[in-house]
Amino acid sequence: SGAFVNAILRSALRDETVPTYTDEAERLSIEYSHPRWIVQAFYDLTKDWNRVQNILVANNEPAVPQLIAWPMRSTVEELLAGGGTRLVGTRLGVEAGNPPYTYPAVRERRAGVQDRGSQIVSEIFLGTADKMSNKLSWLDMCAGPGGKAAYLYHSLQVQRPEDQFTANEISQHRADLIAQV
């Protein structure tokens, strides 16, 4: 009953036992919800428990989704109007100010959720093509789930429509995801 649960909780609150840990790695592992081996690996790299604790705090911060406006399908301005801010270091990236599903362009598959690193990789590839005058054939050998492939494909449609782009994926489930973008 409720009275029994309340009695247990009151008893637990009166119990002032402080948890004991075998060492700092165990303490940080429990307090910051990381496997002990990861905590120990951070310490092995830094040799500083305060730095390890700062890393664990930062690692527990929720990630802010990053979006991309696919050329000819959506615009950065449309994503900004949905509450995003410019994603520094990218041409078409936006840091989401709201959950991705609230952006019509994302719901309608005219824009995607894609981290800055993936956007930059695609932009580097596209930048190499700017120096070529001949028609190119592009092959993404590991395209699933399709974020970079979608960015490359839509960008090539604008920048280099004569180029050929092929997205390859051996996993049927991941290939099906590519077909959706």
Quick one: do [X] and [Y] end up in the same hydrophobic cluster if we chain Ile, Leu, Val, Met, Phe, Trp and Tyr together by side-chain heavy atoms under 4.5 Å apart?
X: Leu87; Y: Val64; result: no
X: Ile120; Y: Trp138; result: no
X: Val121; Y: Leu152; result: yes

Does [X] use its side chain to pair, donor to acceptor, with the backbone of [Y] at less than 3.5 Å?
X: Glu123; Y: Arg91; value: yes
X: Arg73; Y: Arg109; value: yes
X: Asn168; Y: Leu139; value: no

To the nearest 0.5 Å, tell me how far [X] [atom1] sits from [Y] [atom2].
X: Gln157; Y: Asp163; atom1: CD; atom2: CG; value: 9.5 Å
X: Thr46; Y: Asn54; atom1: OG1; atom2: CG; value: 10.0 Å
X: Ser33; Y: Leu56; atom1: OG; atom2: CG; value: 9.5 Å
X: Ile170; Y: Met141; atom1: CD1; atom2: CE; value: 9.5 Å
X: Ile55; Y: Tyr43; atom1: CD1; atom2: OH; value: 12.5 Å
X: His154; Y: Leu156; atom1: NE2; atom2: CG; value: 10.5 Å

More than 12 heavy atoms of other residues, nucleotides or ligands under 6.0 Å from [atom1] of [X]: is that the case?
X: Arg107; atom1: CZ; value: yes
X: Tyr21; atom1: OH; value: yes
X: Phe125; atom1: CZ; value: no

For [X] and [Y], work out which heavy atoms get closest and say how close.
X: Leu79; Y: Ile68; answer: CD1-C, 3.9 Å
X: Tyr151; Y: Ser122; answer: CD2-CB, 3.3 Å
X: Thr102; Y: Pro99; answer: OG1-O, 2.6 Å
X: Pro71; Y: Val158; answer: CB-CG2, 3.8 Å
X: Tyr103; Y: Gly83; answer: OH-C, 3.5 Å
X: Trp49; Y: Glu24; answer: CD2-CG, 3.4 Å

Hey, does [Y] have a side-chain heavy atom less than 4.5 Å from the side chain of [X]?
X: His34; Y: Leu28; result: no
X: Asp140; Y: Phe165; result: yes
X: Asp23; Y: Glu26; result: yes
X: Leu126; Y: Arg160; result: no
X: Thr90; Y: Gln114; result: no
X: Val88; Y: Arg116; result: yes

Exercise for the section: Step by step, work out the side-chain contact (heavy atoms from CB on, under 4.5 Å) result for Asn50 and Val52. Expected result: CA-CA 5 Å; Asn50 288 327; Val52 171; over 6 Å; no

